[in-house]
Amino acid sequence: MSSSDKYEKIVDLAARRGFFWPSYEIYGGLAGFYDLGPLGALLKENIRKLWLDYFVLKHQDMVVLIETPVIAPEVVFRASGHLESFTDPIVTCSKCGKIYRADHLLEDVLGVKFEGSGPEELTSIIRGRGVKCPSCGGELEDVRTFNLLFQTNVGPYKHDVAYLRPEAAQGMFTSFKRVFTSMRYSLPLGIAQVGRVARNEISPRQGMVRLREFTIMEVEFFFDPEEPGEPDFSRFPGKLRILTAEARSRGLDEVIEVKPEEAVAEGIIMNKWLAYWMSVAQAFARELGLSDDEVLFEEKLPEERAHYSRQTFDQLVSISRWGWVEISGHAYRTDYDLSRHMRFSGEDMTVYKELKKPVETVTRKVVINQELLKELFGADAPKITQALKNLRVDEAEKIIKEGGTIIEGFKIPSEALRIEEVKEIARGRRFVPHVVEPSFGAERLLLVVLDKAYTEESGRVVLKLPPKLAPYKLAVFPLIPKEESLKTIAKKIYNDAIKAGLTAIYDENGSIGRRYARVDEIGVPYAITIDYQTIEDNTATIRFRDTKEQIRIKTDEIIKWILNKLS
RNA sequence: GCGGCGGUCGUCUAGCCUGGUCUAGGACGCCGGCCUCCCAAGCCGGAGAUCCCGGGUUCGAAUCCCGGCCGCCGCACCA
């Protein structure tokens with residue numbers, strides 16, 4: 001089975017059995033949009049729960065979950081930098097149809113920087129300099145902007161422009177103060193969110209891998225850059241496989257294996273919290289059915305990084321058809337976002353931290369002898385004071401040493417200035433927290449999970465999903481459906497399973513083999529069969545999806561047994 | 001966005017070149033019945049197709065032509 005075949009089969013299975021399919025199919029579909037079916041919705045929910053466990057609940061002493069809107073006013077994305085950095089000026093060749101980044105094209109041709117120029121400006125430069133398509137020499141069309149943000153309006157007035165968020169992060173930044181105060185002012189603090197985001201990709205292909213609307217699972221982790229605290233690396237042990245930007249820029253694909261704390265010590269990962277959350281991401285991937293050697297952290301090159309990031313690692317996983325696919329991004333966003341929101345909103349986003357010991361600092365200050373100036377210059381004194389006010393200590397010292405100076409035609413004696421030492425006691429300090437961000441795409445994880453779980457056994461599909469992720473946990477079958485007593489017992493077990501909070505399937509249709517095959521195909525890990533022996537001794541068989549083995553167990557212990565297996 | 005190829009029951013497909021015999025055939029799956037105490041068994045019956053959408057040519061279009069949508073491949077794009 002080739003890699004492409006396998007992908008085709010997964011997509012086929014997904015549509016046939018109800019994991020996912022292209023949206024709006026009855027109207028011909030819409031590129032970049034997918035529906036999740038009954039099984040897909042359950043699977044995604046289980047992935048979300050697992051993520052929540054790893055990134056929030058296991059860290060609930062420092063990470064909290066919030067929810068913010070999908071739509072945000074324009075100013076948020078002006079502050080975040082997305083309106084600038086998410087908008088590309090592009091120009092199309094009217095002859096061959098090739099599309100170029102207009103500013104990059106002009107940079108290449110004319111050797112001058114044009115970043116930040118508007119489309120009209122760029123168009124007139126193209127016309128004025130007679131720039132042609134570098135590929136075919138054809139005439140270029142007018143420059144247009146392409147923005148990956150989806151635009152909309154709030155309320156009836158067209159000028160109230162708003163955008164659909166391309167990441168959940170901005171909600172965490174704009175509500176940082178609220179969350180921080182409600183969490184009693186403690187750092188480090190992670191704010192997590194699961195939500196829909198939208199990116200107007202120019203040309204989404206790759207099916208479920210690149211969507212125009214998807215679910216992001218994100219943590220913005222805030223910490224004090226000077227005293228970041230110590231992550232407990234022993235919680236998620238193991239090595240990370242890293243492909244550094246340095247190696248990539250030299251054209252190498254040497255993957256190094258290091259413990260996260262060593263990667264920090266060796267300067268490979270810039271920040272210890274960034275490294276810590278990467279180790280959590282690795283452990284999370286393991287639970288999704290990925291072995292450590294199937295996961296790779298690729299450091300992005302400076303030109304590949306988002307505008308807000310100082311260092312970024314993509315967590316890559318190899319799947320059939322598409323090869324290495326990014327399942328999460330790990331960015332060191334520094335204080336970029338909070339500082340920008342401070343500037344645009346005027347809100348103080350700094351955090352106050354008391355020093356363990358107040359620090360006494362001695363600073364030297366320039367003191368102006370106002371009395372003397374008044375005496376000497378009378379009404380002109382304020383003008384001179386104004387001029388002297390901005391002197392630095394070293395400049396004032398020089399004037400004193402040189403016995404005075406001349407300002408605006410007035411001779412200033414050295415006695416007009418003196419240097420004083422001032423003691424200041426600092427009890428705390430204010431700073432803008434720094435942020436590292438682990439960010440996952442839920443639908444991609446769903447595809448990765450299916451890809452890893454998909455197997456075929458003599459022409460039959462067996463979806464070997466980790467039981468925790470399986471949409472349905474058990475199936476219950478009466479061996480001989482026309483036998484009422486078997487049906488009654490089977491239905492009772494099915495109802496007990498539902499009462500216990502499990503997802504279960506009851507099926508009495510077709511031969512037993514067919515029923516097993518049906519549930520294997522959708523990854524049900526345990527199948528319970530009620531046979532004549534059940535009537536005699538109250539035992540039923542549990543059949544395992546992956547091994548086809550069966551064990552016998554008391555019917556009233558089945559639910560407990562399964563719950564135990566899933567915990 | 002550009003170029004190439006493609007789109008027929010849930011799925012895979014026959015038919016398209018060479019228009020009518022297509023009220024669109026088959027297989028698998030699905031549903032009902034019979035049979036069967038354990039891995040897609042068999043038999044009987046049934047439901048299921050806007051032939052991707054729109055327009056054109058023609059007496060007549062799944063079939064030929066044009067436009068669109070969607071998918072795949074290449075180029076471009078992908079913070």
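- As rounded to whole Å, 16 Å separates atom P of B:C37 from atom CD of A:Q550.
- Annotation: A:F55 is in aromatic contact with A:F440 [ring centroid separation under 6.0 Å].
- Within residues 535-543 of chain A, the residues that place at least one heavy atom under 4.0 Å from RNA chain B are, in residue-number order, A:T541, A:R543.
- Between A:H307 and A:Y336, the ring centre distance stays below 6.0 Å.
- A 3.5 Å limit on both hydrogen-bonding distances identifies no Watson-Crick or G-U partner for B:C77.
- The side chain of A:W322 lies closest to B:C73, out of B:C38, B:A79, B:C73.
- Annotation: side chain of A:L316 is not in contact with side chain of A:F297 (no heavy-atom distance under 4.5 Å).
- Here B:C17 sits opposite no nucleotide as a Watson-Crick or G-U wobble pair (both hydrogen-bonding atom distances under 3.5 Å).
- Taking atom C1' on both nucleotides, B:U13 is separated from B:A49 by 13 Å, rounded to a whole Å.
- Residues A:P73 and A:Y163 are not in side-chain contact: their nearest non-hydrogen atoms beyond the backbone lie 4.5 Å or more apart.
- In terms of the side chain to side chain contact (heavy atoms under 4.5 Å, CB included) criterion, residue partners of A:L301 (sequence neighbours excluded) are, by chain and number, A:A245, A:R248, A:S249, A:E303, A:E304.
- B:G7 and B:G68: their C1' atoms are spaced 14 Å apart (whole Å).
- One C1' atom belongs to B:C75, the other to B:G25, and the distance between them is 41 Å to the nearest Å.
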Show the distances under 3.5 angstrom between N or O atoms of the protein and N or O atoms of nucleotides 32-34 of chain B.
unit_1, atom_1, unit_2, atom_2, d
B:G32, OP2, A:N509, ND2, 2.4

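- Listed by residue number, A:I26, A:G28, A:G29, A:L30, A:A31 are the residues of residues 18-36 of chain A with a heavy-atom contact under 4.0 Å to RNA chain B.
- Of the listed nucleotides (B:C30, B:A79, B:C39), B:A79 has the atom at the smallest distance from the side chain of A:H307.
- Within a 6.0 Å sphere centred on NZ of A:K548, heavy atoms belonging to other residues, nucleotides or ligands number more than 12.
- Between B:C30 and A:R514, a contact under 4.0 Å exists linking OP1 or OP2 to a side-chain N or O.
- The salt bridge (Lys or Arg N to Asp or Glu O under 4.0 Å) test with A:E167 singles out one residue from A:R196, A:R199, A:R333, and that residue is A:R333.
- Under a 4.0 Å N-O distance rule, the pair A:D531/A:R552 qualifies as a salt bridge.
- With respect to A:R250 and A:E246, a salt bridge is recorded, a charged nitrogen being found less than 4.0 Å from a carboxylate O.
- The distance between the ring centers of A:W21 and A:Y34 does not fall below 6.0 angstrom.
- With salt bridges taken as basic N to acidic carboxylate O contacts below 4.0 Å, none links A:E549 and A:R543.
- For residues 24-43 of chain A, no residue pair satisfies the salt bridge (Lys or Arg N to Asp or Glu O under 4.0 Å) rule, not counting sequence neighbours.
- Contact of the A:D451 side chain with the A:V449 side chain is not registered, since no non-hydrogen atoms from C-beta on lie closer than 4.5 Å.
- The phosphate of B:A41 (OP1 or OP2) has a side-chain N or O of A:S511 nearer than 4.0 angstrom.
- Set against B:A79, B:C37, B:C31, the side chain of A:R518 has B:C31 as its closest nucleotide.
- A distance of about 26 Å separates the C1' atoms of B:C39 and B:G45, rounded to the whole Å.
- The side chain of A:A306 lies closest to B:A79, out of B:C38, B:C30, B:A79.
- Here the two rings, on A:Y332 and A:H434, have centers that are under 6.0 Å apart.
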Margin query: Assess the residue pair A:R545 and A:E457 against the criterion (salt bridge (charged side-chain N to carboxylate O under 4.0 Å, His left out)); give the C-alpha distance rounded to whole Å, side-chain angles, the decisive distance to 0.1 Å, and a yes or no.
Written below: CA-CA 11 Å; A:R545 177 194 64 199; A:E457 290 170 5; over 6 Å; no

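- With sequence neighbours excluded, the residues that form a side chain to side chain contact (heavy atoms under 4.5 Å, CB included) with A:N509 are A:D507, A:R518.
- A:F544 and A:W561 have tilted rings, their planes meeting at an angle from 30° to 60° on a 0 to 90° scale.
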Interface polar pairs with nucleotides 61-63 of chain B, N/O, under 3.5 angstrom:
none

Notebook entry, point to check: Does the side chain to side chain donor-acceptor pair (under 3.5 Å) test come out yes or no for A:T68 and A:Q193, once each step is laid out?
Noted result: CA-CA 8 Å; A:T68 67; A:Q193 183 166 193; 3.0 Å; yes

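- For A:N200, the side chain to side chain contact (heavy atoms under 4.5 Å, CB included) criterion is met by A:F150, A:R212, not counting sequence neighbours.
- Only one option out of A:H330, A:R305, A:Q311 pairs with A:E299 in a side chain to side chain donor-acceptor pair (under 3.5 Å); it is A:Q311.
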What N/O pairs connect the protein and nucleotides 45-48 of chain B at under 3.5 Å? Give each pair on its own line.
none

Next item on the list: Check the pair A:T529 / A:Y516 against side chain to side chain donor-acceptor pair (under 3.5 Å), numbers first and verdict last.
Entry: CA-CA 10 Å; A:T529 302; A:Y516 285 140; 2.7 Å; yes

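- Place A:D12 and A:G459 on RNA chain B by their nearest nucleotides, and A:D12 ends up nearer the 5' end.
- Nearest nucleotide to the side chain of A:A517, out of B:A40, B:C30, B:A79: B:A40.
- Between B:C35 and B:C44, the distance separating the two P atoms is 16 Å to the nearest Å.
- Figure legend. B:U57 is base-paired to no nucleotide; pairs are counted as Watson-Crick or G-U wobble with both atom distances under 3.5 Å.
- The base-pairing partner of B:U11, taking Watson-Crick or G-U wobble contacts with both distances under 3.5 Å, is B:A27.
- Taking the C1' atoms as reference points, B:C72 lies 24 Å from B:G54, given to the whole Å.
- Base contact: A:R460 has a heavy atom under 4.0 Å from a base atom.
- Judged as a side chain to side chain contact (heavy atoms under 4.5 Å, CB included), and not counting sequence neighbours, the contacts of A:P481 are A:E508, A:R515.
- Only at 4.0 angstrom or more do the heavy atoms of residues 324-337 of chain A sit from any atom of RNA chain B, so none qualifies.
- Pairing for B:G71 is with B:C5, a Watson-Crick or G-U wobble pair whose two hydrogen-bonding atom distances lie under 3.5 Å.
- As the counterpart of B:C35, no nucleotide is assigned, since no Watson-Crick or G-U wobble pattern has both distances under 3.5 Å.
- Taking the P atom of each, B:U11 and B:G71 are spaced 16 Å apart, rounded to whole Å.
- B:G1 and B:C64 are spaced 29 Å apart, taking the C1' atom of each and rounding to whole Å.
- Heavy-atom distances under 4.0 Å link RNA chain B to A:L479, A:I480, A:P481, A:K482 of residues 474-488 of chain A, given in residue order.
- Comment: A:K6 does not engage A:E456 in a salt bridge, judged by the lack of any side-chain N to carboxylate O separation of less than 4.0 angstrom.
- In this structure, A:R210 and A:Q206 both approach RNA chain B, and ranking their closest nucleotides by distance from the 5' end singles out A:Q206.
- Of all nucleotides listed (B:A41, B:C38, B:A79), B:A79 comes nearest to the side chain of A:R199.
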